[in-house]
Each structure stands twice: as structure tokens, then as C-alpha cells.
Asker: 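There's a structure below that I have some questions on.
No hydrogens, no waters, no symmetry mates; every other heavy atom, side chains included, goes into these values. Small disclaimer: the values here were computed from a predicted structure and weren't measured.
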Amino acid sequence: MVQGSSYICSLVQSLRSASFPSKLANYSGYTSRAASNSLRHPSTYSDDEYADVDWDKLGFGLTPTDYMYVMRCSKDDNFKEGRLSRYANIEISPSAGGIYEGTKANRTEDGRILLFRPDQNATRMMHGAERMCMPSPSIQQFVGAVKETVFANKRWIPPPGKGSLYVRPLLVGTGPILGLAPAPEYTFLVYASPVRNYFKEGTAPLNLYIDEEFVRASPGGAGGVKTITNYAPVLKAIARAKDRGFSDVLYLDAVSRKYLEEVSSCNIFIVKGNRISTPAISGTILQGITRKSILEIARDHGYQVEERAIPVDDLGDADEVFCTGTAVGVAPVGSITHRNRRIEFKTESSLVWKELYSTLVGLQTGRIEDKKGWTVEIH
């Protein structure tokens with residue numbers, strides 16, 4: 001899911017303030033003012049096992065790593081070979097826009113590097129690109145670019161238990177267009193940043209607020225597409241909720257304002273006894289890859305799983321509530337406030353979310369044998 005309002009504001013600002021050059025210029029080192037990149041041969045990658053980072057103080061913010069991956073395409077063509085370049089600012093048309101993905105690379109205790117279901121990110125980008133009238137890389141191109149980017153930045157992958165390398169594939173229209181039409185040219189790029197906890201609460205329970213004034217998405221729109229424009233409507237609602245002391249906003253459906261949809265940056269689950277429920281995918285909710293994985297893991301653990309329309313009133317009977325997303329992992333919810341009523345949920349003793357999260361992280365970090373073929377090892 002999407003990463004925080006400050007990141008989106010920064011990305012939108014960068015998209016508005018530059019233009020992409022037809023060729024990448026020479027570049028000898030990273031600077032925040034740089035607007036060019038240069039290809040560096042793999043032999044010049046750093047042999048340091050780790051970058052110079054205080055991993056114990058790692059949060060969830062952008063830390064520029066060494067390399068990113070760039071691949072370009074015209075609107076009537078297919079994506080072809082891309083290349084690694086030094087991480088740096090890029091110049092793009094002020095009229096550009098895009099869709100993006102998010103995945104993570106983890107370092108295992110025995111020194112391996114694992115990606116988690118990157119093919120699912122590739123598939124989701126392809127579906128999103130089709131909805132937004134954009135070409136997209138193939139699954140093989142997408143996964144290959146992610147693997148190259150991670151390997152080139154492997155020293156930025158935190159030690160086991162200290163965080164992950166967050167990988168951001170981005171597909172943007174980089175050709176100029178004034179009228180309402182698809183861009184004449186597109187660029188696919190991948191960059192990465194070491195991260196730890198997404199929410200400032202860390203693993204502490206979240207306190208959510210249901211804001212009935214704002215909605216995330218409406219039927220027939222692009223709520224199910226991971227694009228910048230999909231999340232712009234939540235920024236004001238998040239800011240208002242955080243000013244009131246809440247962690248994030250839980251949105252209701254745009255039509256009746258009676259059914260749960262999702263949180264600004266993640267999907268929502270409720271637990272009652274042995275039953276785990278999450279809002280059904282209906283075009284307004286992002287098809288989270290962590291969401292999909294948790295549903296399958298929950299079934300494997302013997303839980304009764306259902307995807308359905310969940311009335312907001314069902315929160316009053318829930319034992320537990322938790323959120324899922326690439327950035328947040330699995331995050332427990334301690335309370336949800338709706339119409340001045342604060343509903344609290346179990347956050348101690350034996351909890352479902354902990355059981356599911358332990359399995360998910362175990363698979364992602366190699367502590368649990370992957371019998372599903374979900375992980376991809378990078379050599």
C-alpha cells in the first residue's frame with residue numbers, strides 16, 4: 001500500500017517540477033540537486049557487506065541507496081532493455097503522471113536475500129496500467145528489474161531483524177501532453193530505500209478514526225489501482241486525524257457510508273472467534289498482496305475466512321482488528337473511533353494477528369520453509 005502523506009507530497013512535487021531528458025547524462029555521484037544518471041558496470045558495485053547506516057535508528061523514510069533501474073517505452077511500443085543507473089533526481093515532463101508498486105527485500109539469518117511475491121506486484125501493475133491506458137513491462141521484465149536493483153543495492157538491506165529494503169517500481173508518463181489523452185512516452189524505473197516501521201507507533205496498536213466526510217474512492221473510479229491519484233484524496237483526512245491524535249483514517253464506502261473499505265495505506269481485517277473477515281474487492285479497494293497472502297495463510301491455519309461487505313456496526317462485535325500492507329506488514333488496531341464512540345479491541349494475550357504475522361515474516365525472511373513458491377532468492 002501507499003507510504004504516508006509526506007512521501008506522496010514529495011513525489012508529486014518532483015513529478016511537477018522537472019522534465020525527463022531523451023538520454024541519460026554522465027553522473028559521478030549522488031546529490032540532491034542532480035538531474036542525471038549514468039550506468040555503472042556491476043564491477044563497480046560496493047563490496048561492503050552493509051552501508052554506513054545506524055540500523056537501530058532506521059525508520060520509514062526515504063534513504064537514498066546506490067542504484068535505481070530505468071526503462072523507457074513509447075506509447076505504441078513495448079518496454080525493452082533497461083539499465084541500472086546511479087540513484088539521482090530525474091527530469092520529467094511537468095504533465096507526467098504514473099502508477100507504482102511496493103515490495104520488500106529481506107536478508108535471512110544465513111545471508112540470503114529474498115523477495116516476496118514480486119510477480120504479484122508485476123501483475124497488479126499490468127492491470128493498473130491497462131486501466132490507466134499505459135503500456136507496462138512484462139512480468140519477466142518487472143521482476144528482472146527489481147532483482148537487478150536489489151542486488152545492486154544489497155549493502156543497504158538491513159541486518160536480519162533490523163528492517164527491510166523497500167523497493168519502489170514506478171511507471172510514469174514522461175512525454176508531454178496538454179489535452180486529455182495518454183502520454184506519448186513512458187518510463188519505468190525502480191529505486192529502493194531501507195526502512196523499518198511504517199507507523200510511528202512501531203508495533204504498538206493503532207488508533208483509527210472513521211471520517212464520514214471524506215471518501216477514498218467511488219464505484220467506477222480507480223480505487224483499485226495503485227496510482228498517485230488514488231491516494232491524493234486521503235492526505236487532508238490523514239492530516240486532520242493525526243492532528244486529533246489518531247494513527248490513520250478508516251474509510252467507508254462512498255455510496256451509503258455504511259460499509260468498511262480500507263485504511264489510507266492498508267487493508268482492514270476483523271476477527272470474531274474463528275472467523276476472519278475483510279472487505280470484498282469491488283473496484284474501490286486495492287488488491288493488496290499482503291492482504292492476499294494473509295487470507296491464504298489464515299486458511300492454512302484453519303480459520304474461516306470470508307471476503308464480504310462489512311457494515312461499520314460489525315466493529316462493535318469484533319474481538320480483534322488488524323491492518324495489512326507491504327509497508328505496514330500486519331498491524332494491530334487498538335481502537336476505532338466513529339461518531340464520538342471509541343470501540344476498543346483485544347491487544348494482549350494470544351492474538352490472531354500475531355500468529356498470522358509470525359508466519360508471514362517467517363516466510364519473507366526464510367525462517368519458515370517456503371512451500372508455496374512465494375519467495376525469490378537473489379544471487
Side-chain angles (χ1 to χ4, degrees), residues 1-15 17-18 27-38 40 42 44-70 84-90 98 100-108 111 113-116 118 121 145-170 172 189-203 226 228 231 265-266 290 325-329 331 361 364-365 378:
M1 305 292 286
V2 81
Q3 317 310 312
S5 59
S6 61
Y7 169 77
I8 293 299
C9 289
S10 173
L11 183 54
V12 170
Q13 181 62 35
S14 69
L15 291 174
S17 63
Y27 180 79
S28 59
Y30 174 80
T31 169
S32 62
R33 295 187 299 273
S36 59
N37 314 57
S38 68
R40 294 193 63 180
T44 64
Y45 297 165
S46 173
D47 290 330
D48 295 343
E49 183 176 6
Y50 290 110
D52 184 16
V53 174
D54 187 343
W55 302 112
D56 291 320
K57 294 183 179 179
L58 186 63
F60 202 98
L62 180 63
T63 301
T65 51
D66 296 323
Y67 295 92
M68 65 183 188
Y69 188 99
V70 180
L84 285 168
S85 60
R86 275 302 223 176
Y87 182 95
N89 290 349
I90 61 173
Y100 62 97
E101 278 298 323
T103 187
K104 286 179 177 178
N106 289 285
R107 195 185 296 265
T108 67
I113 298 172
L114 297 180
L115 292 171
F116 187 72
N121 294 95
V146 169
K147 291 170 71 173
E148 279 198 57
T149 306
V150 171
F151 186 79
N153 292 299
K154 62 182 180 179
R155 73 193 191 103
W156 294 90
I157 304 175
K162 300 291 186 180
S164 305
L165 185 71
Y166 191 90
V167 186
R168 170 54 51 81
L170 178 65
V172 293
L189 62 91
V190 184
Y191 63 93
S193 173
V195 297
R196 202 163 189 176
N197 295 321
Y198 176 69
F199 288 108
K200 68 177 182 179
E201 291 89 344
T203 57
K226 197 172 178 67
I228 294 170
Y231 295 96
S265 56
C266 42
T290 306
T326 298
V328 306
V361 173
Q364 292 174 332
T365 59
I378 297 177

Asker: For the residue pair Arg86 and Tyr67, would you count it as a cation-pi contact if the rule is NZ or CZ under 6.0 angstrom from the ring centre and within 45 degrees of the ring axis?
Answerer: yes
Asker: Could you check if a side-chain atom of Lys154 sits within less than 4.5 angstrom of a side-chain atom of Ile378, using non-hydrogen atoms only?
Answerer: no
Asker: Could you check whether any side-chain heavy atom of Pro169 comes within less than 4.5 Å of a side-chain heavy atom of Val146, counting everything from C-beta outward?
Answerer: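 Pro169 vs Val146: side chains touch.
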Asker: So how far is it from Ser193 OG to Trp156 CH2, rounded to the nearest 0.5 Å?
Answerer: 8.5 Å
Asker: Taking side chain as C-beta onward, heavy atoms only, is Leu62 less than 4.5 Å from Tyr191?
Answerer: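 They are in side-chain contact.
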Asker: If you define the side chain from C-beta out and look only at heavy atoms, does anything of Arg107 sit under 4.5 Å from Pro158?
Answerer: no
Asker: Could you state the interatomic distance from CD (Glu49) to CD1 (Ile157), rounded to the nearest 0.5 Å?
Answerer: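 These two atoms lie 11.0 Å from each other.
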Asker: So how far is it from Thr149 OG1 to Tyr87 OH, rounded to the nearest 0.5 Å?
Answerer: 12.0 Å
Asker: For residues Ser164 and Asn106, report the shortest heavy-atom separation together with the two atoms involved.
Answerer: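 For Ser164 versus Asn106, the nearest heavy atoms are OG-OD1, 2.6 Å.
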Asker: Tell me the closest heavy-atom pair linking Ala192 and Thr65, and the distance in Å.
Answerer: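 In terms of heavy atoms, the two residues are closest at O-OG1, 2.9 Å.
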Asker: What is the minimum heavy-atom distance between Asn121 and Gly102, and which atoms define it?
Answerer: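 In terms of heavy atoms, the two residues are closest at ND2-O, 3.0 Å.
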Asker: Grab the two heavy atoms, one from Thr290 and one from Gly325, that are nearest each other, plus how far apart they are.
Answerer: OG1-C, 3.3 Å
Asker: Checking Arg168 side chain against Glu101 main chain: does a donor-acceptor pair fall under 3.5 Å?
Answerer: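 Yes, Arg168 side chain to Glu101 backbone: donor-acceptor pair under 3.5 Å.
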Asker: Given 3.5 Å as the limit, does a donor-acceptor pair link the side chain of Asn197 with the main chain of Phe199, or not?
Answerer: no
Asker: How long is the gap from OG1 on Thr326 to NZ on Lys226, to the nearest 0.5 Å?
Answerer: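 Separation between the atoms: 6.5 Å.
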Asker: Under 4.5 Å between any side-chain heavy atoms of Asp66 and Arg155, yes or no?
Answerer: yes
Asker: Of all the heavy-atom pairs spanning Ala327 and Tyr198, show the shortest one and how long it is.
Answerer: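 Taking Ala327 first and Tyr198 second, the nearest heavy atoms are O-CB, 3.7 Å.
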Asker: Any side-chain heavy-atom pair from Leu170 and Tyr100 closer than 4.5 angstrom?
Answerer: yes
Asker: Any side-chain heavy atom of Leu165 within less than 4.5 Å of one from Ile113?
Answerer: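 A side-chain contact is absent here, since even the closest heavy-atom pair is not under 4.5 Å.
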Asker: Answer whether the closest heavy-atom distance between the side chains of Leu114 and Gln364 falls below 4.5 Å.
Answerer: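 No, side chains not in contact.
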Asker: Can you tell me how far apart CG (Leu58) and NZ (Lys162) are? Round to the nearest 0.5 Å.
Answerer: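 Between Leu58 CG and Lys162 NZ, I get 10.0 Å after rounding to 0.5 Å.
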